Novice: 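My structure is below; once you've seen it, I'll send some questions.
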There are 2 protein chains.
Amino acid sequence: MVGIDDVARAAGVSTATVSRALSGRGPVSTATRERVLVAAEELGYVVSAAASSLATGRARAVGVVVPFLDRWFFSTVLAGISDALVREGYDITLYSVSGDPVERHRVFDDHLRRRRIDAVITIALELDAEESASLRGLGVPIVAIAGPNPLLTTLTVDDLAVGRLATDHLLALGHRHLVHIGADAATAAGSTVPGLRRRGFVEQLAAAGITDAVVEPADFTIEGGSAAATRALTAANPPTALFAASDEMAIGAILAARELGLRVPEDVSIVGVDGHELGRWFSLTTVDQFARGQGGRAAEAVLAALDGAEPGRGLGTLPFELVDRGSTAAMAR
Amino acid sequence: MVGIDDVARAAGVSTATVSRALSGRGPVSTATRERVLVAAEELGYVVSAAASSLATGRARAVGVVVPFLDRWFFSTVLAGISDALVREGYDITLYSVSGDPVERHRVFDDHLRRRRIDAVITIALELDAEESASLRGLGVPIVAIAGPNPLLTTLTVDDLAVGRLATDHLLALGHRHLVHIGADAATAAGSTVPGLRRRGFVEQLAAAGITDAVVEPADFTIEGGSAAATRALTAANPPTALFAASDEMAIGAILAARELGLRVPEDVSIVGVDGHELGRWFSLTTVDQFARGQGGRAAEAVLAALDGAEPGRGLGTLPFELVDRGSTAAMAR
DNA sequence: CTGTTAGCGCATTCAA
DNA sequence: TTGAATGCGCTAACAG
């Protein structure tokens, strides 16, 4: 492998000058810089991440921690992050943490601590106190996407408002008997994404004078949404509208409704959250949260922090928007 | 940050001993090792990746290069890789390369060359000669998933056989007028995944005495599949069966057929390839290729290579299997 | 089995 | 503007 001294020799300068010319830090005459650049190019020299990192303390890499890789939202956000980061020359080191405590511990207390990354982005990660502390102990900028985490700098949509918006949409159409598919009662207490969406639902109903908000818990998969919708729609007094806390569940609900011989939206209105690419194929009305853009924003926030900008908590709120594609309609009278 | 000398001091030994005790390389008495382990644990010591990498030449990280992050197949394979790799203490460094030549060049000739990774896994990447050379020049084990790349060690399903199996399934049901949705003519020439599936289709038809194989090119998205199916089904002499080269396109085809008022499978049989999780919701018959397992296998292959096993080319073939879920039926007579 | 020593490849002082 | 020297934190010889 060609090293910095090969370049130095080829350019007839010292390694210090090569380093300065290539990194842009420190004074180098234009002519010298040119010679170094040419020599480096010709030799195909690339600086060793390990050596550079050891000498500077900067790794030119950002760690991204996700709970799932194979779900649409996460891979889409990740794509947004990747786009933005690679443009700035940063590598992405990917950490997927399941629910297994042993594995989580290994990621938080070993992998992430190897000083391989200059910053961390977490996506919709629910962290316990110990894990949060562990992250903060890293001493690097951390940006948490999705879910207001009081312990971290967050970049998140106002999920309470999202829940309200979706609910309001249904109420405005005249629906009075709604069911929410999402977080269970236990989760609703916390400030997690599912919990907030559920609370938005409950609060908005209450504001409309409806106090018996019904919630069918589900696990954010198509299958879970389908099962929850089936339960709701086959109950004694079935709802005329469903609000699913994710598009995947909403799609499951649409499929379940069809299976039950119900027409969407004539017999039941259904609204989701996400902006899943599949939504248009189901004419799904949804609250789009622009997942890919979230990744981009997070990457920018991290880069800004690495440039020295000291971001405050609650770095920013992300946009969301109701997209009416036709799976909701005014209540038949 | 706590360093190796802090541990050494705490344990009353030299840094060399700490290194040996923690890494497991070299002889250490059980008692000493125990003391070191305790001291390291108490201090929360984690070895610096940069320093260790610089000293050993090993980075404990594997690079994964993908063309897309936000498509089901890729994120699913990635999840499989991640699972297997994290268990062995390896980090994943993720590189997403688009079609943009400038960006590709930067990834192949800069990022990947930083000596940050001990091995590379590529997923369904179509590389030009220069890129292949660049990868091989890295001097690390490389495993290419999907697509027989003559220049790399590959781990791939026999996509020619996949194409034949799907086609055969339709032929066995009595269909004689089939259309393939997949690679265009230009792509068919090469040994890419889409090209091979298409050739499997054409060859199997030929074997059955059908020489006018019809192919509708599409781009492996739901939308592309839908458009291609619409073209095929509205043609003068519409086919009774469609073979889509991916489940996403097959789902698009099902949606298109429905839109045209055609019943699946009564009016048209449709078969896909992948084993996409969404398939079951469309009763999609498909050739499952166990994407997640592919990731696992690739990770294992890479780990074996890092353990010194010198793998030959064409490392192995991956399993695939026809899953009949009901979107195909015997031809109505 | 353990400690001492000498780098790994680069970035940054400090002098010139 | 440039070069020589030093050290980033760790590992691998080598001696003991």
Side-chain angles (χ1 to χ4, degrees), chain A residues 1-37 39-40 43-61 89 91 110 113-118 138-140, chain B residues 1-37 39-40 43-61 89 91 110 113-118 138-140:
Chain A
M1 266 290 152
V2 27
I4 197 173
D5 37 336
D6 295 310
V7 179
R9 215 170 302 126
V13 296
S14 72
T15 61
T17 299
V18 173
S19 175
R20 284 189 286 251
L22 259 28
S23 70
R25 305 166 170 279
V28 187
S29 77
T30 316
T32 313
R33 179 196 315 285
E34 204 51 46
R35 263 188 304 141
V36 171
L37 257 36
L43 294 172
Y45 171 73
V46 175
V47 32
S48 150
S52 176
S53 171
L54 191 56
T56 63
R58 281 166 279 120
R60 286 197 83 69
D91 287 346
D110 181 13
R113 297 232 154 154
R114 294 178 181 173
R115 258 101 106 251
R116 179 167 282 175
I117 53 187
D118 297 327
L138 253 36
V140 303
Chain B
M1 265 289 152
V2 26
I4 197 173
D5 38 337
D6 295 311
V7 180
R9 216 170 301 124
V13 296
S14 73
T15 60
T17 298
V18 173
S19 177
R20 284 189 288 251
L22 259 28
S23 71
R25 303 168 171 278
V28 188
S29 78
T30 316
T32 312
R33 180 196 315 286
E34 204 50 47
R35 263 187 305 141
V36 171
L37 258 35
L43 295 171
Y45 171 73
V46 175
V47 37
S48 150
S52 176
S53 171
L54 192 57
T56 62
R58 280 166 279 119
R60 287 197 82 68
D91 287 346
D110 180 14
R113 297 231 155 154
R114 293 179 181 172
R115 260 101 110 240
R116 178 168 282 174
I117 53 188
D118 297 327
L138 254 35
V140 303

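Protein chains get the first letters and strands the later ones, always in sequence-line order, with residue 1 at the start of each. Note that the coordinates shown come from a computational prediction; the quantities given were computed from them, not determined experimentally.
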Novice: Is a donor on one side and an acceptor on the other found under 3.5 Å between the side chain of A/Arg35 and the backbone of A/Ala11?
Specialist: yes
Novice: Distance check needed: D/dT2 P versus A/Arg9 CZ, whole Å only.
Specialist: 19 Å
Novice: Say whether, by atom type as modelled, one donor and one acceptor occur between the side chain of A/Thr32 and the main chain of A/Val28 under 3.5 angstrom.
Specialist: no
Novice: Does B/Asp91 come within less than 4.0 Å of B/Arg60, counting only side-chain N to carboxylate O?
Specialist: no
Novice: Return the value, rounded to whole Å, for the distance between atom CZ of B/Arg113 and atom C1' of C/dC10.
Specialist: 19 Å
Novice: Backbone N or O of B/Arg58 within a donor-acceptor pair of the B/Asp118 side chain at under 3.5 Å?
Specialist: no
Novice: What string of B, S and - do you get for nucleotides 6-15 of chain D, 5' to 3', if B is base contact, S is sugar-phosphate-only contact and - is no contact with any protein heavy atom under 4.0 Å?
Specialist: -BBBBBBB--
Novice: Using a cut-off of strictly less than 4.0 Å, decide whether A/Ser53 has a side-chain nitrogen or oxygen near OP1 or OP2 of C/dC10.
Specialist: no
Novice: Given A/Val18, which partner from the list A/Asp6, A/Val36, A/Asp5 fulfils the side chain to side chain contact (heavy atoms under 4.5 Å, CB included) test?
Specialist: A/Val36
Novice: Reckon B/Ser14 has a side-chain N or O less than 4.0 Å from the OP1 or OP2 of C/dT2?
Specialist: no
Novice: Do you know which of A/Val47, A/Val7, A/Ile4 makes side chain to side chain contact (heavy atoms under 4.5 Å, CB included) with A/Ser19?
Specialist: A/Ile4
